[in-house]
Amino acid sequence: MQSFSPILLLLTLLLCLLNIAVTHQGFCSAPSIIDANSNNNKPLYSKVINPTLAPHHLQDLPGFTRSVYKSDHALITPESHVFSLLPDWTNTLGAYLVSPAMGAHFVMYLAKMQESSRSGNPSKDVERFVFVLQGLVKLTNASGVGQTLTVDSFAYIPPNSEHLFESYESATLVIFERRYAYLENHIPESIVGSTDQQPLLDTPGEVFELRKLLPTSLSYDFNIHIMDFQPGEFLNVKEVHYNQHGLLLLEGQGIYRLGDSWYPVEAGDAIWMAPFVPQWYAALGKIRTRYLLYKDVNRNPL
Ligand SMILES: *[C@@H]1O[C@H](CO)[C@@H](O)[C@H](O)[C@H]1NC(C)=O
C-alpha cells in the first residue's frame, strides 16, 4: 500500500465510490459496472440527465418556500396562509398577511366567510376597508340600509361606525384595518363602490393604469390603489418613500424588487413594504398584472 501514489489512491477511491453508487451494495469488491439484479429501468441520475422543469416541481423542494420575512419587507405566498377563527365574527376564518409584528401600523388579512356568517366590529377608533375577492356579501350600515357587494366591490367603514357584513353562502374578502389618525374638522364617511366605476388617473412618467378607491381628501389617512400593468410594462420610478404598503397581487405575474432582492411573484402573493424600502415592479407572463395596494397618506408622520 505504501507504494500507491496519491493519484492512484484517489482513482481507486473514486472507482470504489462509483461502484457503491451503481451496485448499492456498499462494499467495494465486485468490480461489475452494471447491476444485473436491478429491477429499476430508470437510469441512474435520471433527474440530472432529464431534469423536471415544470415550475410546480421546482417549487416543491424540501425546505423551499418563496415566502420571505425581512426587517423592511415581506413576501407572503399562499402556502404561508394560516387560517383560524376570527374573534367576534361568526363562521369566518381569517389569515393575517401583514401585522404590526412586522413593523406595520395596519393589518391586512383574508377573511373567508362561510355559510350564514357575520362580521364582528373592529376595535375602538379602528377604521376598516373591505374588498370582495369571491362571492357576495351584504353590508348593512347604522341606518339599517343594506347593500350587496360582489367581486371587485369595496367598502370603507370609518372608526366606531356600526355595520354588519353578512354572507349567506360563502365569500372571501381582503381587509385592511388601522387606528384612524384623527384630524381636527375632518370626518371620514362610509364609502361603497366598485373598482370599474373608479376613474383612471393620470400617472405622469409611468405606463401603468391607476385607480384610487378612496377620496384623496384630508379626511382619509390612507388610500387603496388598483394598479394594472400589461406584460412587459414596469415602474419607471424606483420608489423609495416614507409611506408603507400592503399589496395583494390579484392577477398576473412578474418580478418585484424589494431592497436588494428580486422576487418572482404571482397572483395570490402578498407583500409588506416598510417605509423607504426600495421598490420596483415589472409585469411578465401573458396576462395583465393587477394589484391592490394600501398606502398611508395625508398625515404628518411625526
Ligand atoms: C347608510 O347608507 C345610506 C345609503 O347609502 C346612506 O344614505 C346613509 O347615510 C347611511 N347611513 C350611515 C349611518 O352611514
Side-chain angles (χ1 to χ4, degrees), residues 86-94 96 98 104-201 209-227 246 248 250 290 292-299:
L86 280 178
D88 306 324
W89 295 53
T90 55
N91 274 345
T92 306
L93 294 168
Y96 286 88
V98 175
H105 66 208
F106 65 97
V107 289
M108 167 178 166
Y109 59 102
L110 296 174
K112 279 191 180 167
M113 300 186 82
Q114 289 152 345
E115 262 176 51
S116 312
S117 50
R118 294 157 67 87
S119 64
N121 286 323
S123 309
K124 187 171 181 292
D125 295 340
V126 169
E127 56 191 332
R128 172 179 276 173
F129 179 91
V130 170
F131 184 93
V132 182
L133 296 167
Q134 173 263 322
L136 51 91
V137 286
K138 185 180 167 199
L139 169 61
T140 308
N141 73 10
S143 330
V145 176
Q147 278 174 287
T148 299
L149 274 64
T150 54
V151 174
D152 259 353
S153 305
F154 60 89
Y156 169 80
I157 314 289
N160 312 317
S161 178
E162 232 177 275
H163 68 283
L164 180 66
F165 288 98
E166 291 171 287
S167 172
Y168 304 110
E169 289 177 7
S170 80
T172 309
L173 315 172
V174 57
I175 302 177
F176 296 85
E177 288 169 2
R178 69 171 282 193
R179 206 159 290 284
Y180 179 63
Y182 286 95
L183 204 59
E184 220 177 320
N185 303 323
H186 294 279
I187 298 167
E189 291 180 353
S190 294
I191 291 166
V192 172
S194 175
T195 302
D196 54 16
Q197 288 167 4
Q198 303 304 116
L200 282 176
L201 303 174
E209 291 189 338
L210 171 67
R211 293 174 173 86
K212 294 185 180 182
L213 303 187
L214 296 181
T216 53
S217 65
L218 276 175
S219 296
Y220 301 88
D221 60 0
F222 72 91
N223 213 319
I224 300 289
H225 296 182
I226 298 282
M227 293 168 66
L248 181 64
L250 299 172
R290 166 168 282 186
L292 178 153
L293 184 80
Y294 166 98
K295 181 182 187 181
D296 56 307
V297 290
N298 295 338
R299 293 295 183 273

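We count ligands from 1, going down the list as the structure has it; atoms in each ligand are counted the same way.
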Query raised in the report: Relative to the heavy atoms of A142, which atoms of ligand 1 are at a distance of less than 4.0 Å?
Result: 13 (C)

**Report entry** Protein heavy atom under 4.0 Å of atom 7 (O) of ligand 1
**Finding:** no

Query raised in the report: Judged by modelled atom types alone, do E127 and Y220 share a side-chain donor-acceptor pair under 3.5 Å?
Result: no

Query raised in the report: Quick check: does Q147 get an N/O under 3.5 Å from an N/O on ligand 1?
Result: no

Query raised in the report: Any idea which protein heavy atom is nearest atom 4 (C) of ligand 1, and the distance to it?
Result: V145 CG1, 3.8 Å

**Report entry** R178 with D221: basic N within carboxylate O range, under 4.0 Å
**Finding:** yes

Query - Contact atoms of ligand 1, heavy-atom distance to N141 under 4.0 Å - result: 1 (C), 2 (O), 3 (C), 8 (C), 10 (C), 11 (N), 12 (C), 14 (O)

Query raised in the report: Under 3.5 Å, is there a donor-acceptor pair linking the side chains of N160 and Y180?
Result: no

Report summary line: Ranked by distance from atom 13 (C) of ligand 1, the top protein heavy atom is S143 OG, 3.3 Å

Query raised in the report: Going by heavy atoms in the side chains, are F131 and I226 under 4.5 Å from each other?
Result: yes

Query raised in the report: Looking at the rings of F222 and F106, which for Trp means the six-membered one, are their centres under 6.0 Å apart?
Result: no

